[in-house]
Protein chains: 2
Amino acid sequence: MAPSDPSPLVERFRAYLRERGLPVTAQRDLIAGTLARADDYPSAESLGRSLRAGGAAISTATVYRTLELMVLAGLARASDFGGRVRRYEAGGTAARGHLVCGRCGRITGFSSEALERMMPVLADEHGFQHQEHRTEIHGICRQCAGRDAATLSAGS
Amino acid sequence: MAPSDPSPLVERFRAYLRERGLPVTAQRDLIAGTLARADDYPSAESLGRSLRAGGAAISTATVYRTLELMVLAGLARASDFGGRVRRYEAGGTAARGHLVCGRCGRITGFSSEALERMMPVLADEHGFQHQEHRTEIHGICRQCAGRDAATLSAGS
DNA sequence: GTGGATGCAAACTATTTGCATAGCA
DNA sequence: TGCTATGCAAATAGTTTGCATCCAC
């Protein structure tokens, strides 16, 4: 990663660390930077793997610890989208809803004002104090649907 | 469990099994019956534990396999509500939304017609074929909120 | 210099699987 | 009788933790 152009997420993470006198390390910068650039909701393991593939020397344990710290800091969000691995996304991303493709596994974030408005209302209706919410829509993405249609008409 | 009053879920599971010539076993009846009666979204392990506590001899592996089969049959739903264990609920339950209390961990299902209507629309807006959806609201349940308030005013 | 981060490897937890045996159809 | 479930125990997979060492402050 070029340290000349740190992403806003890296900056915010650094600020968070400095505020409480915690060390800003090369690993933390790298992990935050990679998460900020990731568009595939990586797991701790896959994120570490790609970092190592890029030449960085980072242990899996550090990746786990750092991502956990970022979640705590409110700078990342974690979710296991129906699978068995916890996957992370950069926080601050407006996306609160996620489209999970059952075919290719790709996850796409989206945001909906109507949804945002509805959630606290639904919580309230049940005497529940809303803090945050998570919405997943499982189905088939456009690309996979198109591929299916093509395969169907062409035969295998 | 008294076999004299099998729950509808047990019946439907039996029917599903018979339809495809699969064995209807005592274990499967027990597991389906227990899941039908459970109101706490049990994990495979906790479900097996309570069965064994009740005197039944059922291995953990069988519980996992049976619950998985029920999900496949569309008679149960599985989700890990932000935690690291997969928890199950009887299918057919109208609930599609879940309130997850961050204090006591209790999960409460709810259904909302408005939410049901909105999901396919949201999917469509993004060129996504909607199959199913999952909505979780994380926050504090009424009981815990009340307890907090009491503690606060009384001092610890 | 010191508290905290890192890396390694071992520990853990939840879940899955292989295989011999038992049970339903 | 034949196909499938079950149980046990071992294998996995993902994640966490203990501890010695290293590094940012």
Side-chain angles (χ1 to χ4, degrees), chain A residues 3 6 10 13-35 41-52 55-73 76 78-88 105, chain B residues 3 6 10 13-35 41-52 55-73 76 78-88 105:
Chain A
V10 174
F13 192 27
R14 284 183 184 166
Y16 173 87
L17 294 169
R18 282 201 204 96
E19 265 170 34
R20 37 211 93 200
L22 298 174
V24 174
T25 65
Q27 287 89 334
R28 286 175 171 176
D29 272 4
L30 274 171
I31 292 167
T34 306
L35 181 62
Y41 298 75
S43 66
E45 203 184 19
S46 74
L47 203 152
R49 204 178 328 114
S50 75
L51 273 168
R52 260 173 263 116
I58 291 191
S59 76
T60 309
T62 297
V63 178
Y64 274 102
R65 283 188 278 229
T66 302
L67 287 173
E68 176 61 28
L69 183 59
M70 291 184 72
V71 170
L72 215 84
S79 177
D80 29 34
F81 295 96
R84 69 187 68 57
V85 273
R86 190 172 304 170
R87 304 175 67 167
Y88 296 84
Chain B
V10 173
F13 192 29
R14 284 182 183 167
Y16 173 89
L17 294 168
R18 284 201 203 96
E19 266 170 33
R20 37 211 92 200
L22 298 174
V24 174
T25 64
Q27 287 89 336
R28 286 176 171 175
D29 272 5
L30 275 171
I31 292 167
T34 306
L35 181 61
Y41 299 75
S43 66
E45 203 184 19
S46 73
L47 203 153
R49 205 179 325 117
S50 77
L51 273 168
R52 260 173 263 115
I58 290 191
S59 74
T60 310
T62 297
V63 178
Y64 275 103
R65 283 188 279 230
T66 301
L67 288 173
E68 176 61 27
L69 183 59
M70 292 184 71
V71 169
L72 216 84
S79 177
D80 30 33
F81 297 95
R84 68 187 67 60
V85 272
R86 191 172 304 170
R87 305 175 67 166
Y88 296 83

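Chain A is the first sequence line, chain B the second, and so forth, proteins listed ahead of strands; every chain is numbered from 1.
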Distance check needed: [N] [atom2] versus [X] [atom1], whole Å only.
{"X": "B:Tyr16", "N": "D:dA5", "atom1": "OH", "atom2": "P", "value": "11 Å"}
{"X": "B:Asp80", "N": "C:dT13", "atom1": "CG", "atom2": "P", "value": "18 Å"}
{"X": "B:Ile58", "N": "C:dA22", "atom1": "CD1", "atom2": "P", "value": "18 Å"}
{"X": "B:Glu68", "N": "C:dT16", "atom1": "CD", "atom2": "P", "value": "7 Å"}
{"X": "B:Arg86", "N": "D:dG14", "atom1": "CZ", "atom2": "C1'", "value": "13 Å"}

Quiz item: cation-pi between A:Arg20 and A:Tyr16, 6.0 Å / 45°: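 A:Arg20 over A:Tyr16 ring: yes.
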
Contact under 4.0 Å: [X] side-chain N or O vs [N] OP1/OP2:
{"X": "B:Gln27", "N": "D:dG7", "result": "yes"}
{"X": "A:Tyr64", "N": "D:dT16", "result": "no"}
{"X": "B:Thr62", "N": "D:dA5", "result": "no"}
{"X": "B:Thr25", "N": "D:dT4", "result": "no"}
{"X": "B:Arg28", "N": "D:dA5", "result": "yes"}

Counting side-chain heavy atoms from C-beta on, which of [options] comes nearest to [X]?
{"X": "A:Val85", "options": "C:dA14, C:dC8, D:dG14", "result": "D:dG14"}
{"X": "B:Ser59", "options": "D:dG7, D:dT4, D:dT15", "result": "D:dG7"}
{"X": "B:Ala61", "options": "C:dG4, D:dT4, D:dA9", "result": "D:dA9"}

base_contact_polar (D:dG7 base, B:Arg65 side chain, donor-acceptor, <3.5 Å):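 Answer yes: a donor N or O sits under 3.5 Å from an acceptor.
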
Touch class at under 4.0 angstrom, heavy-atom based, for A:Ala57 against every strand present: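 The residue A:Ala57 makes sugar-phosphate contact but no base contact.
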
